[in-house]
Structure formats: C-alpha cells, structure tokens
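Both counts, for ligands and for their atoms, begin at 1 and track the order of listing.
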Amino acid sequence: MVATDDATQLTTVDELPENDSFLFTVLEHDGSKGEVILVNGGDCIAAWRNFCQHETDQRLDRGFGAAMRDGEIICPKHGSMFDACSGHCDNGEAKGSTLLSVDVAVEDGDIYLTDRTCDFLHEGGIEDDDDEDDGMPSSSSHLTF
Ligand code: FES
C-alpha cells in the first residue's frame, strides 16, 4: 500500500474514463516546470512526462487531451504508439523507447500524485498558468464579438 497522506489528489478513476488523459503541470525540485499526462490505459492508471521519446520537444498532449486508442498513447507528430501502462513503444520512429514515468497511486477510487521528484502545480499545461508571462498574447485578446 502506498502512503497517500501527504500526496496531492489529482482526480478520481470515475473522472478518468478508459483511453482518456488528464494533463497537469508540476514544479520540479530544481525550480523548473514540467508537464505530466495521467492516463487510463484500461488495465492501469499511469502517468508519464508529456513528451515523446523520439523528439523530446514534441508534446503528447498539446492541450486537447492525448490521442489514445486501445490502451496506447499516440504521438501526434509521427504516430508512434506507446503502451499506456508500460510506456514502451515498439513501432514507428520512437520504436524501442519508453516514456518517462511519474509515480501515482490509486486508493479508494482516488488518484494521487506520489512522485517525490516533483510537486503538483495546476491542471493543464505550463502555458495554462494565467500568471505566466511567456510572450504570448493573453487568451482574452483572441476574443472577438
Ligand atoms: S516525435 Fe513522436 S514519434 Fe516522432
């Protein structure tokens, strides 16, 4: 049994249907930020760093949910498929690689971040942090009436 007393609850199993994903941002212990995808692979609940192993600047979830089918995560760039439970890829450009795991635990239907290398910051991607000045126009500037 994994101690979840001081862990952050991410969501629940009921709120993460099979072949669905949940994107969140973490604070690394070196002060940088990282993105993580929590996935329901059918036989597992797992979490992975949100980038492909073929090109590490390629996000698996680009803010619209990771593409998933039959328990596999599909890289949006070249289509390699990673096993959602093991993180391993046996096909395409990323063949032979494995996604970087993030520790999570399920207890009584609740899903917790238990990884000791990072802390939960917020739901969504890094750029979804409203306070972040990333040089991009704020989302409200796209609104037209
Ligand atoms: S960038 Fe993911 S398979 Fe090429």
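Between the side chains of Asp14 and Thr12, no donor-acceptor pair of N or O atoms lies under 3.5 Å.
Atom NZ of residue Lys77 and atom CG of residue Leu60 lie 12.5 Å apart, to the nearest 0.5 angstrom.
When the side chains of ILVMFWY residues are joined at heavy-atom separations under 4.5 Å, either directly or via intervening members, Leu38 and Phe51 end up in two distinct hydrophobic clusters.
Taking a cutoff of 4.0 Å between a charged side-chain nitrogen and a carboxylate oxygen, Lys33 and Glu28 do not qualify as a salt bridge. One finds a salt bridge joining Arg59 and Glu35 here, because a Lys/Arg side-chain nitrogen approaches an Asp/Glu carboxylate oxygen to under 4.0 Å.
The distance cut-off of 2.8 Å around atom 2 (Fe) of ligand 1 captures these protein N, O or S atoms, sorted by chain and number: Cys52 SG, Cys75 SG.
Across the pair Cys44 and Cys85, the gap between the SG atoms, which is the quantity tested here, stays under 2.5 Å.
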